[in-house]
Protein chains: 2
Amino acid sequence: MSADRPERRRDAAATRRALVDAAAALFADRGYERTTVRDIAARAGVNQALLFRYFGSKQLLFNEVTAIAGLRRMRETPPEELLETALRGLLATGPGPASEVGEGARRDRALEAFLRSTGGDAATRTGRLLGQEYAAVLATLTDADDAALRSDLILAWLLGIGLTRNVVRQEALAGADPEEVCDLVLRAARTMLEKLPPRQEPEP
Amino acid sequence: MSADRPERRRDAAATRRALVDAAAALFADRGYERTTVRDIAARAGVNQALLFRYFGSKQLLFNEVTAIAGLRRMRETPPEELLETALRGLLATGPGPASEVGEGARRDRALEAFLRSTGGDAATRTGRLLGQEYAAVLATLTDADDAALRSDLILAWLLGIGLTRNVVRQEALAGADPEEVCDLVLRAARTMLEKLPPRQEPEP
DNA sequence: GTTGGTTGTAAGCGTCTGCTTACAAAAGGT
DNA sequence: ACCTTTTGTAAGCAGACGCTTACAACCAAC
């Protein structure tokens with residue numbers, strides 16, 4: 001709220017941030033193709049030409065919003081927690097925009113943006129990039145010689161769950177209790193990744 | 001080849017079919033948004049105005065291509081074979097266009113079209129429709145009281161596998177042996193759907 | 001051979017798209 | 001004060017988009 005600096009009226013860094021935030025929200029809501037640079041600029045409250053000054057193109061802004069944020073997050077999580085963490089991140093995205101503003105409310109919109117943008121080269125590339133990083137980590141959780149395939153399958157499951165829950169909004173999954181979903185998925189996943197830590201009982 | 005009828009040069013039914021086929025292929029390759037009515041008409045070898053005469057709009061043509069075909073196929077498969085059949089259909093979609101022409105080569109392009117078109121209202125609606133039908137069938141394979149959730153999760157997995165293999169083309173999964181994928185997935189799925197038939201050993 | 005509905009085409013309408021350009025207002029250094 | 005650089009804006013370009021219209025070619029019935 002209270003900024004000690006005397007509030008610059010022209011602030012490149014601030015408008016850059018505004019553009020990134022607006023783009024993240026819109027890409028997540030509508031996907032890449034259906035989001036226009038004019039939409040983004042309007043939501044950020046700035047002129048659309050600035051988008052090109054700061055990011056070069058719509059595509060580069062999309063990369064900034066999805067790939068960069070996603071990668072950073074992943075690298076901070078230890079392998080054996082990665083699946084559950086990602087799964088919970090996915091499930092935390094409740095229906096409706098929830099409390100849009102606020103500090104801790106910034107969720108996994110990057111993944112959602114990616115999910116809604118499949119098909120174009122845009123998302124396919126960054127998707128593969130992110131996917132390979134995730135898969136590599138998950139593959140350390142099994143000694144089977146088809147570790148890569150197993151981790152890809154688990155990853156595919158995450159994608160599908162995100163798609164079904166947040167985009168298609170299939171009823172049973174969209175409204176399900178995250179705990180129950182975690183339980184079912186992790187139990188099945190342990191068929192493939194034998195080093196997954198056993199689920200702890202929620203409350204004794 | 002040899003048609004006993006003397007080959008009409010103007011044939012509404014034939015051009016309708018040509019439009020549907022062209023649309024199916026293009027929607028599958030590029031998704032809804034990135035496929036233009038001009039592309040479709042060009043591929044079908046007809047004037048684009050005919051698309052509107054026969055289908056009313058791009059959206060209605062998309063519905064015809066995805067929902068109708070997908071539903072028809074599903075209803076012909078008994079429940080306990082549905083998962084494996086759908087999974088194999090997905091996996092049969094090898095990389096590259098394979099042998100494009102030919103009779104038996106018409107594959108699950110409808111699902112692929114849907115997968116590449118997530119985000120727009122277009123695919124979300126028909127996706128939910130198809131999904132509910134599939135889920136209802138899969139739900140008969142368990143007695144658990146969260147049957148709906150379980151079948152949604154399995155369905156989500158199929159979506160994710162299709163996405164990862166055919167759109168994102170993640171390496172390990174895209175190049176994997178269908179048998180091995182089936183084995184892994186069905187074994188894990190049996191954790192949730194206990195009435196799934198046990199896998200038979202391929203060759204004794 | 002004329003008529004009348006069907007099938008096909010060429011051209012274009014209005015709108016939206018990503019992106020560029022020309023220029024003004026503010027900030028900062030000297 | 002002056003000048004340069006940074007930050008912002010208004011206007012518009014060229015192309016693509018979904019869709020419509022006006023009209024020609026074909027075919028069957030009479």
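Quick caveat, the model's predicted, so the values are computed rather than measured. Computation of the quantities below employed the complete heavy-atom set of this structure, encompassing side-chain atoms and omitting hydrogens, waters and symmetry-equivalent molecules.
- Side-chain contact between A:Asn63 and A:Phe55 is absent, with no heavy atoms from C-beta onward closer than 4.5 Å.
- The neighbour count for B:Glu133 CD, taken as heavy atoms of other residues, nucleotides or ligands under 6.0 Å away, is above 12.
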| remark: Scoring nucleotides 14-22 of chain D by protein non-hydrogen atoms under 4.0 Å (B base, S sugar-phosphate only, - none) yields ---BBBBB-
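- Applying the salt bridge (charged side-chain N to carboxylate O under 4.0 Å, His left out) criterion to A:Asp143, with sequence neighbours excluded, gives A:Lys195.
- C:dC16 atom P lies 17 Å from atom CD1 of A:Ile40, rounded to whole Å.
- The number of heavy atoms from other shown groups lying within 6.0 Å of CD (B:Gln48) is above 12.
- The side chain to side chain donor-acceptor pair (under 3.5 Å) test applied to B:Glu194 returns B:Thr142, not counting sequence neighbours.
- Applying the 4.0 Å criterion to OP1 and OP2 of C:dT6, one finds that B:Tyr54 has every side-chain N and O outside that range.
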